[in-house]
Asks: 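Sharing a structure, written as structure tokens. Questions coming.
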Amino acid sequence: MDGVTKAGRGASSRPARLPGLRRALAPLPWLAPSLLLVGAVVLWPVVEMVRTSLLDISSSGTTLGGAGTSNYTDLFDEPDLWPVLGRTLLWVAGVVVAATVLSLALGQLLHARFPGRRAVRWAVIVPWAASVLMTALIWRWMLDNDSGVINRVLLDLGVLDKPVNWLAHPAQALLWMMGVAVFVTLPFTSFVILAGLQSIPDDVYEAARVDGASAWTTYFRITLPLLRPSLLIGTIVNVINVFNNFPIIWSMTQGGPGHATDITTTFTYKIAFFDKHVGESAAMAVVNFLLILLMVLLYLRAVRRPGARA
């Protein structure tokens with residue numbers, strides 16, 4: 001009797017599972033195009049990148065066979081690798097932090113009501129809408145030793161006695177390029193923060209005023225905590241974009257002199273097209289991808305809400 005009962009339970013549980021399975025698979029036809037796009041645009045290039053990093057590829061692009069981990073060994077034997085990695089982390093941290101802090105102030109300004117606010121918003125978005133390469137080339141011309149407008153203005157004001165080649169010294173050039181990167185990053189971050197500010201209900205501020213909270217208390221106790229989702233999105237997108245920012249470095253200094261202003265993206269390009277080591281360049285791209293992933297995960301862990309699960 002028990003055997004019949006168990007068999008009956010097993011038979012009845014199978015049909016019960018089918019409706020649940022159908023419900024779980026119901027969204028699949030609608031999600032399939034997006035999943036295929038993500039697979040083709042994101043996942044497949046990552047797979048190919050990892051596969052290429054394990055191959056021995058000639059300078060002409062011919063695959064000579066498997067290379068095992070020799071490409072990674074050659075990469076970590078590069079004397080310039082560790083300075084490039086350190087400079088990249090400095091580049092990302094400096095640009096993202098500066099852009100975020102400035103965007104908090106700029107977003108607050110754009111959120112305020114004043115005459116001509118619409119025109120100011122359009123003006124702020126121009127550096128983001130324009131080509132990054134074009135913006136970097138304009139800044140390179142402005143910093144030119146002979147015909148640059150920055151040298152001309154400083155000479156006319158008496159600040160300088162003679163023209164300065166701003167991009168000739170690595171540390172100085174890196175600071176200028178970080179400034180350009182902040183300039184092109186600022187609009188996106190400001191508008192993300194502006195969207196967050198517009199989503200905060202006015203009732204919250206009204207309650208704070210009734211309780212006698214000062215402007216600073218209101219900002220740090222109400223505005224910043226409620227801006228957390230916007231800051232999270234803006235920071236993650238900026239970390240990925242700044243980490244992979246190739247046009248600014250390449251158009252202004254080409255990572256030179258030597259590798260003195262290289263970040264990982266320009267270093268990867270030089271290994272592939274200057275040194276003709278395609279496999280080692282792919283290994284550098286894998287390391288770059290893992291660093292971005294690690295930085296994003298560390299940031300998400302750092303800003304996780306207290307008491308939230310890991």
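The first residue in the sequence is number 1, and the count goes up from there.
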Asks: How about CG on D77, more than 12 heavy atoms from neighbouring residues, nucleotides or ligands closer than 6.0 Å, or not?
Replies: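 Yes, CG of D77 has more than 12 neighbouring heavy atoms, counting only those of other groups under 6.0 Å.
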Asks: Taking a hydrophobic cluster as the set of Ile, Leu, Val, Met, Phe, Trp and Tyr residues connected by side-chain heavy atoms closer than 4.5 Å, whether directly or through intermediates, do L137 and I249 fall within one such cluster?
Replies: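 No; I249 is not reachable from L137 via cluster members.
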Asks: Test W176 against I150 for side-chain contact (heavy atoms from CB on, under 4.5 Å), laying out the working first.
Replies: CA-CA 12 Å; W176 276 107; I150 291 178; 4.0 Å; yes
Asks: Are I263 and L133 linked, directly or through other ILVMFWY residues, by side chains that come within less than 4.5 angstrom of each other?
Replies: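 In one cluster with I263: L133, no.
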Asks: With sequence neighbours excluded, give me every side-chain hydrogen bond (donor to acceptor under 3.5 Å, both in side chains) pair touching residues 237-256.
Replies: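 Listed by first then second residue: T189-N238, N244-N288, T253-T261.
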Asks: Please check: side-chain N/O of R140 versus main-chain N/O of L167, any donor-acceptor pairing under 3.5 Å?
Replies: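 No, R140 side chain to L167 backbone: no donor-acceptor pair under 3.5 Å.
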Asks: Can you tell me if CG on D161 sees more than 12 non-hydrogen neighbours from other groups inside 6.0 Å?
Replies: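 No, the 6.0 Å shell around CG holds no more than 12 heavy atoms from other groups.
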Asks: What's the shortest heavy-atom distance between A282 and M49, and which atoms?
Replies: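 Here A282 and M49 meet closest at CB-O, 3.8 Å.
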Asks: Is there side-chain contact between F191 and V124, with heavy atoms separated by less than 4.5 Å?
Replies: yes
Asks: When hydrophobic residues are tied together by side-chain contacts of less than 4.5 Å, even through go-betweens, does V97 share a cluster with L291?
Replies: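 No; tracing contacts between hydrophobic side chains, which count when under 4.5 Å, never links both residues.
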Asks: Give the minimum heavy-atom separation between V92 and V242, together with the two atoms involved.
Replies: CA-CG1, 3.9 Å
Asks: For W122, give me all partners under ring-ring contact (aromatic ring centres under 6.0 Å, His included), at least two apart in sequence or on another chain.
Replies: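 ring-ring contact (aromatic ring centres under 6.0 Å, His included) check on W122 returns nothing, list empty.
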Asks: Do W139 and W141 sit in the same hydrophobic cluster, where Ile, Leu, Val, Met, Phe, Trp and Tyr count as joined when their side-chain heavy atoms come under 4.5 Å apart?
Replies: yes
Asks: A side-chain contact here means heavy atoms from C-beta on lying under 4.5 Å apart; do N71 and L54 qualify?
Replies: no
Asks: Could you please spell out the steps behind the side-chain contact (heavy atoms from CB on, under 4.5 Å) verdict for L104 and L227?
Replies: CA-CA 10 Å; L104 285 169; L227 279 177; 4.2 Å; yes
Asks: Quick check on R221: does its CZ atom have over 12 non-hydrogen neighbours (other residues, nucleotides or ligands) under 6.0 Å away?
Replies: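 12 or below, so no.
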Asks: Which residues satisfy the side-chain contact (heavy atoms from CB on, under 4.5 Å) test with W82, sequence neighbours excluded?
Replies: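 W82 satisfies side-chain contact (heavy atoms from CB on, under 4.5 Å) with F76, L85 only.
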Asks: With rounding to the nearest 0.5 angstrom, report the CG to CD1 distance, L293 to I240.
Replies: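 Result: 9.0 Å between the selected atoms.
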Asks: Between S70 and A67, which heavy-atom pair has the shortest distance, and what is it?
Replies: OG-O, 2.8 Å
Asks: Does the side chain of Y299 come within less than 4.5 Å of L232's, by heavy atoms?
Replies: yes
Asks: Short question: side chain of S281, backbone of H277 - any donor-acceptor pair under 3.5 Å?
Replies: no
Asks: Please report the closest heavy-atom contact between A99 and L186, naming both atoms and the distance.
Replies: O-CD1, 3.6 Å
Asks: Rounded to the nearest 0.5 Å, what separates atom CG in D146 from atom CZ in R152?
Replies: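 Atom-to-atom, D146:CG and R152:CZ are 10.0 Å apart.
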Asks: Is there a side-chain contact between E48 and W44, using heavy atoms and a 4.5 Å cut-off?
Replies: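 Side chain of E48 against side chain of W44, heavy atoms only: contact under 4.5 Å found.
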Asks: Given side chains that start at C-beta, do those of R117 and V120 come closer than 4.5 Å, heavy atoms only?
Replies: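 R117 vs V120: side chains apart.
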Asks: Do T266 side-chain atoms and D262 backbone N/O form a donor-acceptor pair below 3.5 Å?
Replies: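 No: the side chain of T266 does not pair with the backbone of D262.
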Asks: Between S103 (side chain) and T100 (backbone), is there a donor-acceptor pair under 3.5 Å?
Replies: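 Here the side-chain-to-backbone pair does not exist.
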Asks: Can you confirm whether K270 sits close enough to H259 that some side-chain heavy atom of one is under 4.5 Å from a side-chain heavy atom of the other?
Replies: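 Side-chain contact under 4.5 Å: yes.
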Asks: Grab the two heavy atoms, one from S230 and one from G196, that are nearest each other, plus how far apart they are.
Replies: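 Looking at all heavy atoms of both residues, the closest pair is OG-CA, 3.2 Å.
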Asks: For a quick test of reading the model, state the closest non-hydrogen atom pair linking A136 to P247 and the distance between them.
Replies: CB-O, 4.3 Å
Asks: Would you please test M252 and L143 for side-chain contact (heavy atoms from CB on, under 4.5 Å) and show each step?
Replies: CA-CA 10 Å; M252 294 184 73; L143 293 167; 3.8 Å; yes
Asks: What distance do L197 atom CG and L110 atom CG have between them, rounded to the nearest 0.5 Å?
Replies: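 If we round to the nearest 0.5 Å, L197:CG and L110:CG are 9.5 Å apart.
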Asks: Could you grab the distance from atom CG of L109 to atom CZ of R121, nearest 0.5 Å is fine?
Replies: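 Between atom CG of L109 and atom CZ of R121 there are 9.5 Å.
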Asks: CH2 of W91 to OG1 of T88: how many Å apart, nearest 0.5 Å?
Replies: 9.5 Å
Asks: Quick check: do L89 and M295 have side-chain heavy atoms less than 4.5 Å from each other?
Replies: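 Yes, at least one pair of side-chain atoms sits under 4.5 Å.
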Asks: Before giving the answer on side-chain contact (heavy atoms from CB on, under 4.5 Å), spell out for V41 and L37 the whole-Å C-alpha distance, their side-chain angles and the decisive distance to 0.1 Å.
Replies: CA-CA 6 Å; V41 176; L37 183 63; 3.7 Å; yes
Asks: Taking S214 for its side chain and T217 for its backbone only, find out whether a donor-acceptor pair lies under 3.5 Å.
Replies: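 A pair under 3.5 Å: yes.
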Asks: Rounded at 0.5 Å granularity, tell me how far CG in L75 sits from CE in M284.
Replies: 5.5 Å
Asks: Applying a strict under-4.5 Å side-chain criterion to I, L, V, M, F, W and Y, I'd like to know whether Y219 and V204 cluster together.
Replies: yes
Asks: Test your reading of the model: is there a side-chain donor-acceptor pair from N151 to the backbone of P163, 3.5 Å cut-off?
Replies: no
Asks: In the structure I gave you, are the side-chain heavy atoms of I248 and F183 within less than 4.5 Å of one another anywhere?
Replies: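 With C-beta onward as the side chain, the pair stays apart.
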